[in-house]
Structures are given as C-alpha cells and as structure tokens.
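Note sheet for the following structure.
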Number of protein chains: 4
Amino acid sequence: MLRHDAAVTQRGQSTRAALLAAAARLVHDVGYTQTTTRAVAQAAGVAEGTLYRHFPDKASLLLAAALEQHAPIIEQMAQLPGRAGAGAVRDNLVDCLEQLARMRETLLPLELAMLSDPDLAAARDSAVLDPERPDPPTVLADYLRAEQQLGRLRQDVDPTEAAVLLLVLLFGLMAAPPPPPSVPLRLSVRRAVELLLMGLTP
Amino acid sequence: MLRHDAAVTQRGQSTRAALLAAAARLVHDVGYTQTTTRAVAQAAGVAEGTLYRHFPDKASLLLAAALEQHAPIIEQMAQLPGRAGAGAVRDNLVDCLEQLARMRETLLPLELAMLSDPDLAAARDSAVLDPERPDPPTVLADYLRAEQQLGRLRQDVDPTEAAVLLLVLLFGLMAAPPPPPSVPLRLSVRRAVELLLMGLTP
Amino acid sequence: MLRHDAAVTQRGQSTRAALLAAAARLVHDVGYTQTTTRAVAQAAGVAEGTLYRHFPDKASLLLAAALEQHAPIIEQMAQLPGRAGAGAVRDNLVDCLEQLARMRETLLPLELAMLSDPDLAAARDSAVLDPERPDPPTVLADYLRAEQQLGRLRQDVDPTEAAVLLLVLLFGLMAAPPPPPSVPLRLSVRRAVELLLMGLTP
Amino acid sequence: MLRHDAAVTQRGQSTRAALLAAAARLVHDVGYTQTTTRAVAQAAGVAEGTLYRHFPDKASLLLAAALEQHAPIIEQMAQLPGRAGAGAVRDNLVDCLEQLARMRETLLPLELAMLSDPDLAAARDSAVLDPERPDPPTVLADYLRAEQQLGRLRQDVDPTEAAVLLLVLLFGLMAAPPPPPSVPLRLSVRRAVELLLMGLTP
DNA sequence: GATGAATGAGGATTCATTCAT
DNA sequence: GATGAATGAATCCTCATTCAT
C-alpha cells in the first residue's frame, strides 16, 4: 500500500532525511511563512514533486521536521526525575530548561506559526504522537514532586502547576525576549529559576 | 505631498477609524494569516484602494490598529506605581497583569505574527513610538522598586528583572496555554503570581 | 458588498465580456480539459488574477460563458408553441431542433465535461438559474401538446415523453456523431424527425 | 525488443489483467477525471512503473480496459440478426438495446471522456480494432434489414439510418438522463422503442 | 518483469499593491 | 479622498511518465 511518509528504499530514506533537514534549516532561518515548498525542495536537492511522495503537505513536512529534532532531547530529559536529591535543585532545573531551550531553538518558529496558522495547528492535532514518549510537563512535574518528597521543595505547591509555570516561563523568555541589553538565554534562564525558587517576598 | 495619513478632513478621520476598527476585529476573530487587506476593506465598508491612502501597507495598518488599543490600558497602567504600599502586593500585581491580559487578548495574534513574519517585525521596528509613553516593563519595574523601598519586597532582587519575569510569564501563559484541564486566565495569573511571590524553596 | 461577478464599472463590464468570450472560444476550440485559466486570461487580454475578480473559479466562468450563449436561443425558442397548427409539424420540429443544435455547438463540450468532471457539475448545480426562463423540454412539450389538441399528432403519446425523446436524440446525434460517411447535422436531424414521425412499423 | 505488451509470462498475464480490471472499476466508480495512473496501479496492487510495461500510456490502458468489456456483449449481440422473424420486433430491439446499455454502463465515462479529451480520442483512433469483429451499428442494421424483408418493418426506411437512430438514442438516454422524475433505464428504453416503432403521426 | 523514487512542467488560486477614473 | 478593476508574481499541489535498481 502506498502511503506518504513511506520510504522503503535506501534512496528514499536519504531523500526524506534531506527534506527534513532542509525544512528544519529553512524554518529556522527565514521563518515559517517564508519557507516555501519550492525552497525546501531546492535546498534538499530534489524536485518539488518529490516532497509530496514523502509528506502529504507542507504543514506535515514542517511538523515532522520539528518533531524529529524533539526526539533526542525528550529522550534525555526523561532522566531528570532520577536526579532528584542529587546536586542543587537550581542546577537541575537550569540544566533541564536549557536542554529544552536548545530543542526549542529550532522548534520555536514552528510553535509560533502554529499559533497563527490554522493549517499547521491542524497538522499538529492530527499528527500521531507516540503515546509512550513522556512529555516535558509530566517529566518536570515528576521531578518536582520527587524533590518535594525529599523536602527540598515547599510542601504547599502543586508540582504540576509549578512545572507548567517553569515551562511557560521558558517559552515566554524565548519567544518574547526582553528588550536590549539582552542577556544570553542561559543567563536569563538561570536568573529566572533563582527568582522563582526564592520568591519575591522578603 | 501627503501620500498616506490622509485623515485631514472629517471624512478621512472616520474612514481611518473604520479601517483600524475593522483590522483589530478581524485579527482578533480570524487571526493574522486570514486577515487580508480585502477583508479589512470590506469590513470597514471602504474600497480596497482606500486603505493605501491611510497606511503605507498592510503591516502598518495592523500595527496601528494594535497600538491604538494599547493606549487606554497603558494609560491606566501608569497609575500602578502610585499604588505601592496600598493593598496587598499580590492583588496589585494580579490586577495589573489582568489589565495587560485584556489588552493582549486583541494584541496577541499580532504579536505572534510579528515573531513569525519579518515584514511585520520590520514595521514595528520602524514605527515611531511615542517616547513619552511609559512602557509596561518600566512601569511595572517602577512599582516593584517602590514596594521594595517600602520593605514589602526582597531587597536582593532586581526590580527590572522581576518585572520582565512577570511580563514574560504573562505572555507565555496567554500564548501557550497549558494543556487541559485549562483554568481561566484570571486564575492561572493569580496562581502564578502567588507562586512567584512566595518562591518554591521551603 | 464585494461580490464576484459584480462588474459595476464600464471597464469591468467589458473585461467580464472579454473573459466570457475568450472562455467560450477556447472551450469550443480545445475542449474543457485543455482550457486553462492562463489561456483564458491571455486570450481575453487580462492578467490571470483578473479572472477571479469576476468569477469565483474556473468552473463558474466556463459555465457562465455557456449559459450566456444559451440565452438568445432559448428566448427565440419560446415562440415555438405559438407556431402550432401553422406549417408542417415536421418543419417546425426540425427548425426548433436546429436552433437548439446551434446553441449546443458551443455548449456541448461543456455538457460533456460536466458528465466527466465533478467540479463542473457542482458549479452547474449551484448556479442560480432564472426560474422564469422556459427550458427546452417544457417548451417543446407544450408545442407537441398543442399539435396534439389540433389533431396533428397521435392522441396516445405523452407529449413530455416525446419531447424528451427528441432532445435526447439531438444530444446523441451531436455528441456521438455516426461514423463516416457523415452527413451534415441539419440533414441527420431532418431524417431523424421524419423517421420518428412516421414510425418504423408498416 | 518488447517494450510494452510484456504479458508473455504467466505473471505478466495476470498483472495485465489486474491492471485492466482495476482501470475498468475505477473509471466506473470515480469517473475518468479522477482515475489517475497512481490509483489504477494501487488498485491493481502493482507499482506505478509496472503500468508502463503493459501499456504505452494512460489512454491506451483505459481504452484497452473498455474494449475488453465490450467483447462478450458484442459477441452476444452478433446473434441478433438470427432472431429476425421470431418474437416481437419491439422485444428484440429492447433486449438488444438493453444489452448494449449494460455494456455502456462501464463504458460510458470513457466514451464521454473521449469526447472531451483529445488524447483519449487519439488513442482510440490509433487502436487496432479487430476488423473481423462486428460492430453494433452493422449488426443492428442487419437485423432491421432482415425484419424489413420479412415485412415486419416499413419498406421505405433505410435500415442503417434507423440503426444509427436507435443507437444514438440509447447513447443520449444514458449520457444525458432526462430530469427527474427519472424512470429506470430499462423502462425509458422500452418507451422510446415503442414510440419510434409506431411514430408520432396519427 | 517489477519496483517505487524521482521528475518537473503545469494547474488553479491568492493577495498585497497600483492606478486610471 | 475614494473607488474598484487590474496586476502578476508567488503559492501549494498533481500526475503522467522515466529510470536506476
């Protein structure tokens, strides 16, 4: 049965990979709106029609390109809960958020575009996500809960809530960078985590 | 010779206003991608060409429409620093952020589009902003500083940094709403402020 | 309110007319499949985009082009029932069918295409036809009924059925012309009418 | 070197058969326009390229598929002239036309497409038809002539002409079905034959 | 004989912008 | 000031056909 995204040959595999790579690069470089199918195909060194042997449409291609880059970092993040109790909470959180940040660097343009473009959002919603794969909010919440049980975090905060807060904060920090003089993301993440940990109240 | 900004007669004024209103409504209703110049003109009840008597291009129109809605809330926000010392810090912050949230409700699609669309971003950067008008980060920082001096906030936090944190958090909360079960924005803002005030550390 | 097919200016009118003429000519010359929007626009001497100011899509344009040519002949045909009793039945019928044939000459490629192309069929079904305008089957049936009452036609045939038969026959004669040696349409129509009038039974 | 018509091995034979069957089914089900080479190959369970081992192009495949279905009915029709004198003329004609109608049911979309698409028409014209095989007009004319000689049909009609008339009528009835209330084809064929036999004149 | 990946010209359609009236 | 017709480049996508394996 012929399906899109079915590359059985070795050549097909490499074409598919080239398309994904080209798509990721272009979205990163020129944004979603300017990333045309023509440009992707050209950058991948294939004909425009080839794109449609591998993906049903533009949105699916770009989404796949994004998700593909997700994978390794998500994988790595899964080990976070195991680090509970070891090292400073602050460092663990900062490390984790920084990993996510690296992932988002390529993902962000697409995330933003999804919020503007109905097509992309639809592609995302109809994409079959691996239900096994742990998602960042859950993993982070698990970690926070573990630290809470170890007494290294307040008892009266909801771990899930705190996790969402951290992630939303990271998103905001990346998507809407504070005006210059801008500090490197690494630094602003660290400061934000510190502030959140100690609180503003005296 | 006046090419744009043709609103010198009374008729011109009302046309301009109609365009701005239509643009704001459309961006809010159908998103930036779907907001075409055609649709705006039609919604404003004017011819397509008329749009270009008042604005040099689409981006400028949408930007103007957004800024216009900014104004009253920015105005109102300016009074925040004066509330330092009165009422609970938490309530003051929540009130302030909620006002901003209302403003953003119409503004957000445009902000997001700006992050995807270079054209829009360029229009924003070349827009002549009133240098007198206080911007939210500054106002919020001023307020925080005042509270700090009153001893109602930690001494060792940078008010500017905290202000940015709060705003970024609001942006993230609005742009990337946490997954269901979703709580009303008002509530999630309140929880976030509380969490930030007390901190996560025991 | 902006609508397609709304040409208020004189210039608009003439562009619309040019498009219709070009479309009719092309469909006649190269068939529906080969009639591209590009070709129509070029033949009409306008840009391709202009086409879409006047018609929502290709199918609507071609349909409109066909219907426009309908009109005058349909009009003329309406007088057929009044001719009942005058002249030979055979001649009246032949005249009528020949008129229809002239109309069909341009219409036929489109009729055929409608039977192959779902899009066109959809356009036809959603087209707003003038309910006042008499349609050929009805007019023809009216005429036959009148002749029947004058005793010039068998009493035991259903006029509607006979009308349909005549029209279907005309359609078949035009669409699937008998193999060579081919006679001119005018002649084959005449022979068919004669055959049908006298019947095959001795 | 054999380029097409590669059906020399047994495997080749069955592939070819599968392609023909798939093509016939698709044309019947979704129409000619929607019948893509891709769809045919997929329905036949073979690769796209395989199609071109058996047929030089799409048109040839579809034409072959159509002709193949012709065969058995054409065969059966050949016996019609032998029925002259037996049974009612009306019944013989109705039976014959109904057989043809069944054949046309699958053939019609293609016939119609041929009238719209020059490519297909060209394929038909260049197809090598079996010169032995009797074609419907001839067979029907033979039958009519036989009945004529038996005195069961008017002497003054040209059998060939009458045969063409009947066939054209059938085509029209199938291709351009009269508007609702639509009667089953079987019935409308019968009525048409009756009308034609007795004639319209009193 | 069969595969299926690749091709690439060509299709319909959109839309910000210009300009004669 | 306003109109609205016209523009035309650009977009995503289709599909019959070829060819290396």
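Chain A is the first sequence line, chain B the second, and so forth, proteins listed ahead of strands; every chain is numbered from 1. All values below come from the heavy atoms of this structure, side chains included, with hydrogens, waters and symmetry mates left out.
Base contact: B/T37 has a heavy atom under 4.0 Å from a base atom. Within the 4.0 angstrom heavy-atom criterion, base atoms lie near B/T50. Residue-level contact check: A/T35 touches the backbone only, with heavy atoms under 4.0 Å from sugar-phosphate atoms and none from bases.
A straight line from NZ of D/K58 to P of F/dT14 spans 15 Å, rounded to a whole angstrom. Atom CG of C/L62 is separated from atom P of E/dA12 by 9 Å (rounded to the nearest Å). Counting to the nearest Å, the P atom of E/dA9 and the CZ atom of A/R38 are 11 Å from each other.
Counting heavy atoms from C-beta outward, C/L107 and C/Q69 have side chains that stay 4.5 Å or more apart.
Which of F/dT11, F/dA2, E/dA16 sits closest to the side chain of B/E48 comes down to E/dA16.
The phosphate of E/dT14 has neither OP1 nor OP2 within less than 4.0 Å of any side-chain N or O from C/Y52. Taking 4.0 angstrom as the limit, A/R11 places none of its side-chain polar atoms (N or O) nearer than this to OP1 or OP2 of E/dA5.
Salt bridge status for A/E48 with A/R53: absent, with no side-chain N to carboxylate O gap under 4.0 Å.
For the pair C/T36 (side chain) and C/A39 (backbone), a donor-acceptor distance under 3.5 Å is present.
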